[in-house]
2 protein chains.
Amino acid sequence: MPPNGSSAKLSLEVVKTACSNCNLRELCLPLGLNDQELEKLDEMVASRRRLKRGDHLYHAGQAFDSIYAIRSGFFKTDVLIEDGRDQVTGFQMAGELLGLDGIGSEMHTCNAVALENSEVCVIPFSHLEGLSREIHSLQHHFHKVMSREIVRDHGVMLLLGTMRAEERLATFLLNLSQRFTARGFSPAEFNLRMTREEIGSYLGLKLETVSRAFSRFQEDGLAAVQQKHIRILDTPGLKMLMTHQRG
Amino acid sequence: MPPNGSSAKLSLEVVKTACSNCNLRELCLPLGLNDQELEKLDEMVASRRRLKRGDHLYHAGQAFDSIYAIRSGFFKTDVLIEDGRDQVTGFQMAGELLGLDGIGSEMHTCNAVALENSEVCVIPFSHLEGLSREIHSLQHHFHKVMSREIVRDHGVMLLLGTMRAEERLATFLLNLSQRFTARGFSPAEFNLRMTREEIGSYLGLKLETVSRAFSRFQEDGLAAVQQKHIRILDTPGLKMLMTHQRG
DNA sequence: AAACCACGTTGACGTGGATCAAACGCGGCC
DNA sequence: GGCCGCGTTTGATCCACGTCAACGTGGTTT
């Protein structure tokens, strides 16, 4: 069984799985709410949606009316322009929100694609705005989530604007590791859900460069890489790569 | 007198210049509010702050409690990390908001620096959250503003991840042009407030590359460039550069 | 007006990553 | 089991941009 393979084991529970008994509530929107607030939140979550690997949760251009909380699975978001250029803007995992990009223009501005079989909670945005007028802590937490998304994007801009290939990949691996850890998985060992090309698109590199950087990590004893299976061997070494270097 | 030179002429008006009679209200937070809602907004804007060229509005690490609406002037925001790397994450002009990055962690995560003498409205964030619980349209508009910031960042990621130097610069110029236009200035002629190095940092290029790209635009008749003064001569040509090309 | 200084331009050269190309590994499917 | 096809690895070559260096320019100081 793969370290954090959430793909297998179809859960049979058709039971009411609401925010109040969701084990992601400390990572997701409910954070900081009390019991009765949580109950209100339960009512807001309109429905669930299951997606198979490769399915689109939404497309760029599609009308926006809900945001989505990932219950399980793994997604990428990407933007593409006429001439065929394509940029992966992020990879999202359980507990994270999708669709915030659509609020501003009332339509989605990127594509969200499941990279493995996944399930999301559908949160009609007007309900969220309504409820966050009632529940201060929900309002505040939602603002924090949006703000953090902006900060995350700034981090990616820093990466794309100033880092060299291996620094980018090291940063990427450490970020994944940290997020897996927060979800109770191994910090050191995991399976990538995305291809080299998708990693490359996210990091502003070509797939060959990503592959070579992985090989280099392997040579240098920083990580054991076998296709999509990653084992981080030297976290401090990767951190060094990420921050240091230059000059 | 430069086309849109807001630098000179210190206005002596100490008059009450509130949102309700601010000529930026269609670009800024008040958008879509009715008269009585606007009055409430007036009360929320706690104070003004004037900054001279080079002054910091806030520093990374500083405690967050307010966001800022630019009344006049021009800013940059940048993040920098230990090893000296530095990424300009945006340039902001009148009517735009600064400080959204600070909500998530209760402290600012980037530096905001005035690139010319500027004035901002100080908006205590708790007041904004309070008022947006009362005024639905304010709440919704604020969410839109944050969302658009995310979308803008995705655009920059696309630029940094996939474009070549001249495409980046063309995109940058057209974006500035469009924003100046929205503020009633000439779409074709303006003065840059930032140095080549700052442009380069924003676009993920070195200052020499920026300079060369400007020279190339000059040669190709796309724009007349004289130090900081820019005159766009061939907007369609720049658009072509921006989107097309590749392959 | 001379001297200074920050910023910008231009040239020569080096290099990291892109591109092109070939082979390999692995899972899916008859 | 053997074939097929996608994803990955690896090598050889190329080129856009970075680096280093010299010089130009416009604005400010004295």
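Whole-Å rounding puts the B/Glu198 CD to C/dG8 P distance at 9 Å. Taking atom CG on B/Asn191 and atom C1' on C/dC7, their separation rounds to 15 Å, with Å as the unit. Distance, B/Phe214 CZ to C/dT10 P: 13 Å, rounded to whole Å. Rounded to whole Å, the distance from CE on B/Met163 to P on C/dA18 is 16 Å. Going from atom CZ of A/Arg164 over to atom P of D/dC17 covers 16 Å, rounded to whole Å. Look at CG on A/Leu160: it is 13 Å from P on C/dG17, rounded to the nearest Å. The distance between atom NE2 of A/His229 and atom C1' of C/dG25, rounded to the nearest whole Å, is 17 Å. The nearest whole Å value for the distance from the CZ atom in A/Arg53 to the P atom in C/dG27 is 13 Å.
Residue B/Glu208 places its side chain closer to D/dA21 than to any other of D/dA21, C/dC20, D/dC17. For B/Thr209, the side-chain atoms get nearest to D/dC17 when compared with the rest of D/dT9, D/dC17, C/dA18. When the nucleotides D/dG18, C/dT9, C/dC20 are ranked by their closest atom to the side chain of B/Ser215, C/dT9 comes out on top. The listed nucleotides are C/dA18, D/dG18, D/dT9; the one nearest the side chain of B/Lys206 is D/dG18. Taking the side chain of B/Ser211 as heavy atoms from C-beta on, and the options C/dT10, D/dT8, C/dG17, the nearest nucleotide is C/dT10. Picking from C/dG8, D/dG11, D/dT9 the nucleotide with the shortest atom distance to the side chain of A/Arg212 gives D/dG11.
Residues satisfying the salt bridge (charged side-chain N to carboxylate O under 4.0 Å, His left out) criterion with A/Glu149, sequence neighbours excluded, are A/Arg152. Among residues two or more places apart in sequence or in another chain, the side chain to side chain donor-acceptor pair (under 3.5 Å) test is passed with B/Ser177 by none. Legend: residues meeting side-chain contact (heavy atoms from CB on, under 4.5 Å) with B/Glu96, ordered by chain and number and at least two apart, are B/Gln92, B/Met93, B/Arg179, B/Arg183.
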What side-chain donor-acceptor pairs closer than 3.5 Å can you find for residues 211-226 of chain A, not counting sequence neighbours?
unit_1	atom_1	unit_2	atom_2	d
A/Ser215	OG	A/Ser211	O	3.1
A/Gln218	OE1	A/Val225	N	2.7
A/Gln218	NE2	A/Val225	O	3.2

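The aromatic rings of A/Tyr58 and A/His108 lie parallel to each other, their planes meeting at an angle below 30°, with 60° marking the opposite boundary. Ring geometry for A/Phe74 versus A/Phe91: interplanar angle of 30 to 60°, hence tilted.
Rounded to 10°, the helix from C/dA1-D/dT30 to C/dC30-D/dG1 has 40° between the axis fitted to its first five pairs and the one fitted to its last five.
Each of A/Asp78, A/Thr89, A/Asp86 was checked for a side-chain hydrogen bond (donor to acceptor under 3.5 Å, both in side chains) with A/Asn111, and the lone residue meeting it is A/Asp78. The only option from B/Leu241, B/Leu238, B/Leu169 that meets the side-chain contact (heavy atoms from CB on, under 4.5 Å) definition with B/Leu174 turns out to be B/Leu238.
In the region residues 217-228 of chain A, proximity to DNA chain D at under 4.0 angstrom, judged on heavy atoms, holds for A/Gln227, A/Lys228.
Among the heavy atoms of the strands, none lies under 4.0 Å from A/Gly200. Residue A/Leu207 is in base contact, counting any heavy-atom pair closer than 4.0 Å across all strands shown.
Looking at A/Met194 and A/Tyr202, their side chains never come closer than 4.5 Å, going by heavy atoms from C-beta outward.
In B/Gln62, the CD atom is crowded: over 12 heavy atoms of neighbouring residues, nucleotides or ligands sit closer than 6.0 Å.
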